[in-house]
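For reference, the structure is listed below as structure tokens.
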Amino acid sequence: LSYQQVLGVNMWINSASKCLSWVRNLAEMLQENSTDQDQLNCFTPVLKQIINPKHALCKLAGQINWLKLERVLSKEYNHDQGRPAKPIRLMCSLLILKHLYDLSDEELIEQWIQNPYYQYFGGLGDFQWKQPCASSELVHFRYRIGKEGEELIFTESIRVHDDPPASQGSSTKRRGLKKEKRVYSDTTVEEKNITYPTDTKLYKAIAKTCHRIADQEGLKQRQRYSRTIPKLLLAQRFRHHPKNRKKALAAQRKLKTLAGRLLREVDRQLTWSGHRFLYIDFLKVGYQVLAQQKDSKNKIYSIHEPHVYCISKGKEAKKYEFGCKVNVVWGESALILAANHLKENVHDSKVIEPALRQFERLHGYLPGEFIADKGYRGKGEVNGVKVSIPRPPTKSTSAYQKRKNKKKFRKRAGIEPVISHLKSDFRLSRNFLAGVDGDRHNLMMAVSAFNFRKWIVAYQERMKKWYQFFSTIFNQNNLCIKIF
């Protein structure tokens, strides 16, 4: 190339880089001003003109400190790589609405287009006729914000109950809520979205996964047992009947043999493949399933969710539950103040210390008393916090102390309906999110939605009382006026 041509190419590159930097600065400026919802639009309806400004979601949107969420979570983004990301407020609002109204990712995206209040809650100024994002982008956003982002949303669900709204200051100190002297705790099970585990189902899953791997990698199998395996599964019907038990056990042993044969064959052929690292976790889990016995420790109950463990809470209707144990800490303010999931099925007394660590990290202080049921027996004090559980009164216990303890432990029983609402209304009964991170995220967003719902109910009660007050005044003076 000549000197003039090289100079021309350099000038073109410089002009293109300046243009890209100008577009990037414009995008950042627009993103910074994305929270302005008063801007009029000539082509689409303005949300403030078609919604009720006194609606609970509109008021809650003004109470949440979105700027803090954007400032903290923006650290997880790289502004120099990839396409421009969706607004952080929009994605956080989608996560909150999902658990607040018990919706799946797909249902949430579909209803978001139809509901102007959802769009206003997400920070938009004009009505949108297209999807805010793909449902799969919510999955990536959950992994992006991590534990820090989930706890930030959770602390914001507590802060909104303070008296001043978020627009009057960015302080995170709890001015409207007093420090909790007593907290109440209980554990429950967050069930995973898996089938009821049996050995037959696990062997069938191993064989099915081996067939899928062979098809993807082009492996040649000596035999797929496409007819034998369904016949063996059919023999499992009514296996608990005395006449069928011997036949069903023989079919189960045969199915285990075939699953092991297919697994070893795939393992041998993947040795010479460069994609073996993609399936190393499955091979490890498969061999562990084939080797485990009835009395084995750390058993595998699901091929795709190997971290799931079995929990027996002594329930009459549900003897065994499969998922993870979670601990919920409830305060005298009727709010959930801490919640953590447990990776292992440990005794309830071992839950107290991590619960208090999380409580201190989120609120900056420790409560004076930790009240729980008899399942937490074994520890009387943890990190300077008194642990109280129901105990029979002694001869030296006065009548006043008996009444005081009775009232205290009756108050603790109030956490049971709280857990029931978490399961029935806020998606804690069955977790559809994958992995250990999915267990944590589903729990933290469920308790956040519970606290947000508490604020909405309190706001609606205040509006109802004001309406009744003014209605009484106007009725006494024979006036007719529409206030709300």
Side-chain angles (χ1 to χ4, degrees), residues 51-66 69 92-103 107-108 111-112 115-122 150 152-168 174-180 182-186 188 326 328-339 362-363 410-429 442-472 483-484:
I51 64 175
N52 178 15
K54 294 187 177 70
H55 191 273
L57 270 183
C58 299
K59 294 297 183 179
L60 180 60
Q63 195 77 4
I64 297 176
N65 192 346
W66 299 107
L69 294 176
C92 289
S93 67
L94 290 175
L95 295 184
I96 295 172
L97 291 171
K98 170 185 171 66
H99 287 263
L100 194 60
Y101 294 100
D102 192 8
L103 302 172
E107 292 172 343
L108 174 64
Q111 293 191 19
W112 190 90
N115 198 321
Y117 292 98
Y118 287 4
Q119 299 186 16
Y120 183 85
F121 187 74
E150 295 159 4
L152 183 63
I153 296 175
F154 175 59
T155 53
E156 192 63 23
S157 71
I158 300 173
R159 194 209 56 78
V160 295
H161 293 266
D162 294 347
D163 293 333
S167 59
Q168 295 183 11
R174 300 173 57 193
R175 298 175 292 273
L177 296 174
K178 298 180 181 179
K179 289 187 176 182
E180 301 284 349
R182 293 176 178 174
V183 293
Y184 309 91
S185 178
D186 198 8
T188 187
V326 299
V328 178
V329 178
W330 185 57
E332 292 182 327
S333 58
L335 299 176
I336 297 177
L337 304 175
L362 295 178
H363 306 289
R410 278 186 174 180
K411 176 71 174 178
R412 189 221 67 85
I415 197 175
E416 302 293 348
V418 170
I419 293 176
S420 297
H421 280 290
L422 286 175
K423 290 194 171 186
S424 62
D425 301 337
F426 303 108
R427 304 183 66 83
L428 193 64
S429 60
N442 191 63
L443 172 65
M444 296 304 297
M445 294 308 301
V447 296
S448 301
F450 177 87
N451 291 338
F452 283 128
R453 174 64 65 184
K454 277 284 184 182
W455 189 93
I456 291 176
V457 171
Y459 170 76
Q460 292 173 342
E461 289 294 327
R462 290 197 302 269
M463 295 293 291
K464 183 178 179 181
K465 289 180 180 179
W466 277 109
Y467 177 78
Q468 293 174 351
F469 172 73
F470 284 110
S471 298
T472 304
I483 304 173
F484 303 108

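No experiment lies behind these values; they were computed from the predicted model shown.
At most 12 heavy atoms of other shown residues, nucleotides or ligands fall within 6.0 angstrom of atom CZ in Arg410.
His161 contributes a side-chain N or O that, together with a main-chain N or O of Asn451, makes up a donor-acceptor pair within less than 3.5 Å.
Residue Asp102 forms a salt bridge (charged side-chain N to carboxylate O under 4.0 Å, His left out) with just one option from Arg427, Lys423, Arg453, and that option is Arg427. Checking each of Trp112, Tyr117, Tyr118, Phe452 against Tyr101 for a ring pair (Phe, Tyr, Trp, His ring centres under 6.0 Å) leaves exactly one that passes, namely Tyr118.
Summarising the geometry, atom CD1 belonging to Ile415 is positioned 10.0 Å from atom OG1 belonging to Thr188; distances are rounded to the nearest 0.5 Å. One distance of note links OG of Ser157 with CH2 of Trp455; it measures 13.0 Å at 0.5 Å rounding. In this structure, the separation between CG on Asn52 and OH on Tyr120 is 11.0 Å, given to the nearest 0.5 Å. Going from atom NZ of Lys59 over to atom NZ of Lys54 covers 7.0 Å, rounded to the nearest 0.5 Å. Residue Glu156 holds its CD atom at 8.5 Å from CD1 of Ile96, rounded to the nearest 0.5 Å. The line from CG of Leu57 to OG of Ser93 is 10.0 Å long, rounded to the nearest 0.5 Å.
Between Leu337 and Trp330 there is no side-chain heavy-atom pair separated by less than 4.5 Å. You'll find the side chain of Asp186 reaches within 4.5 Å of the side chain of Arg412, heavy atoms only. Between Ile336 and Ile158, the closest side-chain pair of non-hydrogen atoms is not below 4.5 Å. Contact check for Ile64 versus Leu69: side-chain heavy atoms found under the 4.5 Å cut-off. The closest side-chain heavy-atom distance from Ile456 to Gln460 is below 4.5 Å. Between Met445 and Asn442, the closest side-chain pair of non-hydrogen atoms is not below 4.5 Å. Between Glu332 and Glu180 there is a side-chain heavy-atom pair separated by less than 4.5 Å.
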| said: side-chain contact (heavy atoms from CB on, under 4.5 Å) for Arg159 and Thr155? Distances and angles first, verdict last. | reply: CA-CA 6 Å; Arg159 194 209 56 78; Thr155 53; over 6 Å; no
| request: Could you give me the CA-CA distance, side-chain angles and deciding distance for Val160 and Asn65, then say whether side-chain contact (heavy atoms from CB on, under 4.5 Å) is met? | output: CA-CA 8 Å; Val160 295; Asn65 192 346; over 6 Å; no
| field | CA sep, side-chain torsions, deciding dist, call: Trp66, Cys92, side-chain contact (heavy atoms from CB on, under 4.5 Å) | value | CA-CA 9 Å; Trp66 299 107; Cys92 289; 4.2 Å; yes
| message | What verdict does the side-chain contact (heavy atoms from CB on, under 4.5 Å) test give for Leu103 and Leu97, after you've listed the backbone C-alpha separation in whole Å, the side-chain angles of each residue and the deciding distance to 0.1 Å? | response | CA-CA 8 Å; Leu103 302 172; Leu97 291 171; 5.9 Å; no
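Using a 4.0 Å cut-off between a side-chain N of Lys or Arg and a carboxylate O of Asp or Glu, Lys464 and Glu461 do not qualify as a salt bridge.
Residues Pro53 and Cys58 share a closest heavy-atom pair of O-CB, 3.7 Å. Contact between Ile51 and Pro116 at its shortest, heavy atoms only, is CG2-CB, 3.8 Å. Heavy atoms only, all atoms of each residue included: Ala339 and Val447 are closest at CB-CG1, 3.9 Å. The two atoms that bring Phe426 and His421 nearest to each other are CD1-O, 3.4 Å, heavy atoms only.
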